[in-house]
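Basis for what follows: all heavy atoms, side chains included, without hydrogens, waters or symmetry-related copies. What you are looking at is a predicted structure, and each value in this text was computed from that prediction instead of being measured.
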Amino acid sequence: VQKGDVLVKLARIENLYPVIEVPERDIQDVREGTAGQAVFASLPSRKFTFTVARIEPLARAGDKGSHFAVRCAFTGSPEVGWGIKARAPRKHVGLELGNNAPVIIAADGDWKKAADKIKIAGFSHAGQSCISTQRILVHQSVADQFTDYLGPMVASLVVGNPLSDDTDVSALISQNERDRVKGWVDEAVAQGGRIVTGGEIDDNGVLVPTVIADAKPEMQVCINEVF
């Protein structure tokens, strides 16, 4: 499925057994990783099925001639979501497609308080949330002060094992996603962006929390949701 679509969920209405479908490239991580083991352990095996997700079968669930479902609910990328809705003109379709709306810091606002909140909103769940803070537009009169304040705060986040109470940020969902995001960071730097903090993969293979200043609208980190 599209990058960022971590879990795709469909409910088989006729027997009420949910099918939790996982992108094919991530199925090994889900089955063998710590998070995947926790999911499997917490769900009653007789009522849940894990399978590999592919675009076409997913989209066909909404076909007007299909008996698979009378309702479709999807959380993920716009490309996949609107594709499902286009194939389901006679079905009830619910879409949650996220957005990339910015936080705007005005010159007369409490930018320190905003930075305190952004530290959490930008990096909780490793930023893998449709309401995660990604873009920040700061008035030029306070931009340097805001950046100098936010950078050390983000750098202070503890990166480590997600099962530890001391950890603030852990790994992205898979190595593929980590490499994609790292590629976007490198692209931003190549196009004139400045790394305030982070931007590197640590010894445990985790992309550490990153702040980029002087970002341009045409960069991937601005155009698209990183998550």
Show your reasoning for whether side chain to side chain contact (heavy atoms under 4.5 Å, CB included) applies to Ile136 and Ile105.
CA-CA 7 Å; Ile136 312 169; Ile105 309 296; 3.8 Å; yes
Quick check: is [Y] connected to [X] through a chain of hydrophobic side chains (ILVMFWY, heavy atoms under 4.5 Å apart)?
X      : Y      : value
Val103 : Val154 : yes
Val221 : Ile201 : yes
Val226 : Leu157 : no
Leu137 : Met219 : no
Leu172 : Val211 : no

Search all heavy atoms of [X] against all heavy atoms of [Y] and return the closest pair with its distance.
X      : Y      : value
Ala213 : Val196 : CB-CG2, 3.7 Å
Gly151 : Thr197 : O-CG2, 3.7 Å
Ser132 : Gly122 : OG-O, 3.3 Å
Arg180 : Glu225 : NH1-O, 4.5 Å

Output every pair passing salt bridge (charged side-chain N to carboxylate O under 4.0 Å, His left out) with a member in [range], not counting sequence neighbours, ordered by first then second residue.
range            : value
residues 134-156 : none
residues 194-221 : Arg194-Asp214
residues 154-171 : none

Say whether, by atom type as modelled, one donor and one acceptor occur between the side chain of [X] and the main chain of [Y] under 3.5 angstrom.
X      : Y      : value
Arg178 : Val206 : no
Thr210 : Gly198 : no
Thr133 : Ile118 : no
Thr167 : Asn161 : yes
His125 : Gly127 : no

Between [atom1] on residue [X] and [atom2] on residue [Y], distance to nearest 0.5 Å:
X      : Y      : atom1 : atom2 : answer
Trp111 : Asp116 : CH2   : CG    : 10.0 Å
Leu97  : Phe74  : CG    : CZ    : 7.0 Å
Phe146 : Gln140 : CZ    : CD    : 15.5 Å
Thr147 : Ile212 : OG1   : CD1   : 12.0 Å
Lys182 : Glu177 : NZ    : CD    : 15.5 Å
Ser170 : Gln128 : OG    : CD    : 9.5 Å

For Ile131, I'd like to know if atom CD1 has over 12 heavy atoms of other residues, nucleotides or ligands within 6.0 Å.
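Not buried by this count: 12 neighbours or fewer within 6.0 Å.
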Indicate yes or no: at least one non-hydrogen side-chain atom of Lys119 is less than 4.5 angstrom from one of Ser156.
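Yes, their side chains come closer than 4.5 Å.
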Is Ile195 close to Val189 at the side-chain level, that is, under 4.5 Å between some pair of heavy atoms?
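Result yes, sub-4.5 Å side-chain heavy-atom pair found.
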Test applied, side chain to side chain contact (heavy atoms under 4.5 Å, CB included); reference residue, Leu207; option that passes from Val159, Asp179, Val181:
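It is Val181; the other options fail the test.
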